[in-house]
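Right, I'll just put the structure down here and ask away after.
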Amino acid sequence: MRKLMLFATFASLCLAQQKKAAPKMDPPLQIPANVEVRRDLVYTKIGARELHLDLYLPKSGSGSFPAVVYVHGGGWSGGNKSAFSRQAAHMAAKGFVGACVEYRLSGEAQYPAALDDVKAAIRWMRANAATYRVRPDRIGAAGGSAGGHLVALAGVTGKGDTAVQAVAAFNPAVDFLDFGKRAGNGQNSVSKFLGKTYTEDPKLWESASPLAQVHKNAPPFLFLHGTADPTVPYKQSTDMQAALQKLGVKAELFSAPDAVHGFFNRPPWFEPTLRRMEQFFFETLAK
């Protein structure tokens with residue numbers, strides 16, 4: 001009996017150790033030896049409020065580099081600029097300058113503040129192109145969920161020094177009308193972001209929807225979306241892809257079968273989505 005108890009105790013300890021040693025769902029951030037990081041650079045000020053970005057730079061290489069602005073998710077009310085740090089570090093090792101940006105969340109300011117901030121970051125990249133060896137004519141944007149919405153909206157509304165040449169949107173919310181019709185006058189993350197419920201101002205909900213802003217001169221898009229996403233339906237990406245393609249804009253879709261929201265930051269999808277984004281930006285920006 002004592003032997004059985006000792007064995008059970010040992011087995012429990014082994015199981016506990018295995019759980020403790022189990023790898024995290026997200027791969028840890030590792031800065032490649034050929035990448036330099038400059039953190040918390042101020043890219044804009046709104047009154048006394050400073051907004052920051054982390055810059056990932058190739059240490060070596062001649063000439064200037066294409067660049068990508070990365071925008072985190074979090075329902076427009078949370079999250080932080082480190083969310084795409086692993087992707088930015090990886091792409092910097094491949095010869096891309098990356099900027100992971102913070103922006104004003106819905107608890108601080110409503111739409112279009114967050115979009116204005118993303119555009120300010122794009123503008124900052126262009127204004128500082130010579131300093132950080134950025135190709136001003138080759139700037140892309142990538143974001144997930146709320147960040148996917150913001151980069152998609154920046155992609156179809158940016159002009160001049162806020163225009164981007166390519167957009168990679170991970171499970172983006174692109175059609176607020178779809179959410180609004182179900183929410184009505186109820187509060188949700190979109191109404192908090194916009195400052196009005198759907199019933200109060202449906203035109204505002206439409207104007208903040210990337211799907212409603214598509215045009216024939218939009219940059220190439222890559223959508224990456226899980227087919228089982230319960231938060232932002234997969235159809236959001238397929239609808240915008242179809243709308244862009246109808247106008248002759250290059251729009252591709254990476255479908256993740258049975259994957260849910262935020263799938264791209266977890267195995268088994270982190271590496272495949274990273275490689276697909278890399279391929280897309282090489283095709284659209286590194287030429």
Side-chain angles (χ1 to χ4, degrees), residues 40-56 66-77 79-81 83-84 88 96-106 108-132 134-170 172-174 176 190 193-195 204-215 217-222 240 244 249 281 284-285:
D40 293 320
L41 300 177
V42 176
Y43 73 84
T44 193
K45 291 181 70 174
I46 303 96
R49 173 74 156 98
E50 294 182 345
L51 291 174
H52 305 85
L53 59 79
D54 295 338
L55 208 59
Y56 293 77
V68 180
V69 172
Y70 300 91
V71 185
H72 69 82
W76 304 279
S77 63
N80 62 71
K81 59 183 168 58
F84 276 88
F96 288 75
V97 175
C100 294
V101 306
E102 66 175 346
Y103 55 91
R104 286 171 290 171
L105 302 175
S106 59
E108 179 180 359
Q110 276 74 51
Y111 175 83
L115 177 62
D116 291 342
D117 297 342
V118 171
K119 288 183 175 180
I122 297 165
R123 187 183 298 113
W124 184 92
M125 292 289 279
R126 281 208 166 85
N128 292 277
T131 302
Y132 298 110
V134 169
R135 287 189 61 181
D137 62 334
R138 290 291 182 270
I139 297 177
S145 191
H149 160 263
L150 290 170
V151 298
L153 195 54
V156 294
T157 63
K159 296 178 181 178
D161 60 0
T162 66
V164 291
Q165 283 67 59
V167 175
F170 297 77
V174 298
F176 283 168
V190 180
F193 169 62
L194 297 179
L204 173 64
W205 283 57
E206 182 177 20
S207 69
S209 300
L211 180 61
Q213 310 298 327
V214 297
H215 56 85
N217 295 318
F221 269 76
L222 169 65
M240 186 159 174
L244 288 165
V249 178
F281 283 136
T284 54
L285 300 179

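Numbers here are sequence positions counted from 1.
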(message) Applying salt bridge (charged side-chain N to carboxylate O under 4.0 Å, His left out), can you list everything that pairs with Asp117, at least two apart in sequence or on another chain?
(response) Arg104
(message) Give me the atom names and distance for the closest heavy-atom approach of Ala169 to Gly148.
(response) CB-O, 4.0 Å
(message) Which residues pass the salt bridge (charged side-chain N to carboxylate O under 4.0 Å, His left out) test with Arg135, not counting sequence neighbours?
(response) Asp137
(message) If we check side-chain contact (heavy atoms from CB on, under 4.5 Å) with Pro210, which of these qualifies: Leu244, Val167, Val174?
(response) Val174
(message) As an exercise, state the distance from CD of Glu102 to NE2 of His72, rounded to the nearest 0.5 Å.
(response) 7.5 Å
(request) Evaluate the ring planes of Trp76 and His149, with Trp represented by its six-membered ring, and classify them as parallel (under 30°), tilted (30 to 60°) or perpendicular (over 60°). (result) perpendicular
(message) For a 4.5 angstrom cut-off between non-hydrogen side-chain atoms, does Val151 reach Phe221?
(response) no
(request) Assert yes or no for the condition that the ring centre distance of Trp124 to Tyr132 is strictly below 6.0 Å. (result) yes
(message) Using every non-hydrogen atom in the two residues, find where Met125 and Val69 come nearest and quote the distance to one decimal.
(response) CG-CG2, 4.0 Å
(request) Identify which one of Leu55, Val71, Leu150 satisfies the side-chain contact (heavy atoms from CB on, under 4.5 Å) criterion when paired with Val101. (result) Val71
(message) If you compare all heavy atoms of Val164 against all heavy atoms of Ala141, which two are closest, and at what distance to 0.1 Å?
(response) CG1-CB, 4.2 Å
(message) Taking side-chain hydrogen bond (donor to acceptor under 3.5 Å, both in side chains) as the definition, give me every residue that meets it alongside Ser209, ordered by chain and number, with sequence neighbours left out.
(response) none
(message) Within this structure, what is the CG-CG distance for the pair Leu51 and Asp40, rounded to the nearest 0.5 Å?
(response) 11.5 Å
(request) Could you pull out the closest heavy-atom pair between Pro220 and Gln165, with the gap in Å? (result) CD-O, 3.2 Å
(message) For Tyr56 and Cys100: C-alpha separation, side-chain torsions, deciding distance, then whether side chain to side chain contact (heavy atoms under 4.5 Å, CB included) applies.
(response) CA-CA 8 Å; Tyr56 293 77; Cys100 294; 3.9 Å; yes
(request) For the residue pair Leu115 and Thr157, establish whether any side-chain heavy-atom pair is separated by less than 4.5 Å. (result) yes
(message) Does any part of the side chain of Ser77, heavy atoms only, come nearer than 4.5 Å to the side chain of Phe193, both counted from C-beta?
(response) no
(request) Check salt bridge (charged side-chain N to carboxylate O under 4.0 Å, His left out) between Arg123 and all other residues, then give those that pass, not counting sequence neighbours. (result) Asp161
(message) Just to verify, what does Asp54 make a side-chain hydrogen bond (donor to acceptor under 3.5 Å, both in side chains) with, not counting sequence neighbours?
(response) Lys81
(request) With rounding to the nearest 0.5 Å, note down the distance linking NE2 in His52 to CG in Asn80. (result) 13.5 Å
(request) For side chain to side chain contact (heavy atoms under 4.5 Å, CB included), just list the numbers for Phe96 and Leu285, CA-CA rounded to whole Å, side-chain angles, deciding distance to a tenth of an Å, and then say yes or no. (result) CA-CA 9 Å; Phe96 288 75; Leu285 300 179; 4.2 Å; yes
(message) Is any side-chain heavy atom of Thr44 closer than 4.5 Å to one of Lys119?
(response) no
(message) Taking the ring of Tyr103 and the ring of Tyr43, is the distance between their centroids below 6.0 Å?
(response) no
(request) Search all heavy atoms of Leu194 against all heavy atoms of Ala208 and return the closest pair with its distance. (result) CD2-CB, 3.7 Å
(message) Parallel, tilted or perpendicular, judged at 30° and 60°: which one describes the rings of Phe176 and Trp205?
(response) perpendicular
(request) Check Ala168 against Phe281 and note the closest heavy-atom contact, atom names and distance. (result) CB-CZ, 3.8 Å
(request) Can you sort out the partners of Glu50 under salt bridge (charged side-chain N to carboxylate O under 4.0 Å, His left out), two or more places apart, ordered by chain and number? (result) none
(request) Kindly indicate whether the side chain of Asn128, heavy atoms from C-beta on, has any atom under 4.5 Å from the side chain of Val134. (result) no
(message) Parallel, tilted or perpendicular: which one describes the rings of Phe84 and Tyr70, with boundaries at 30° and 60°?
(response) parallel
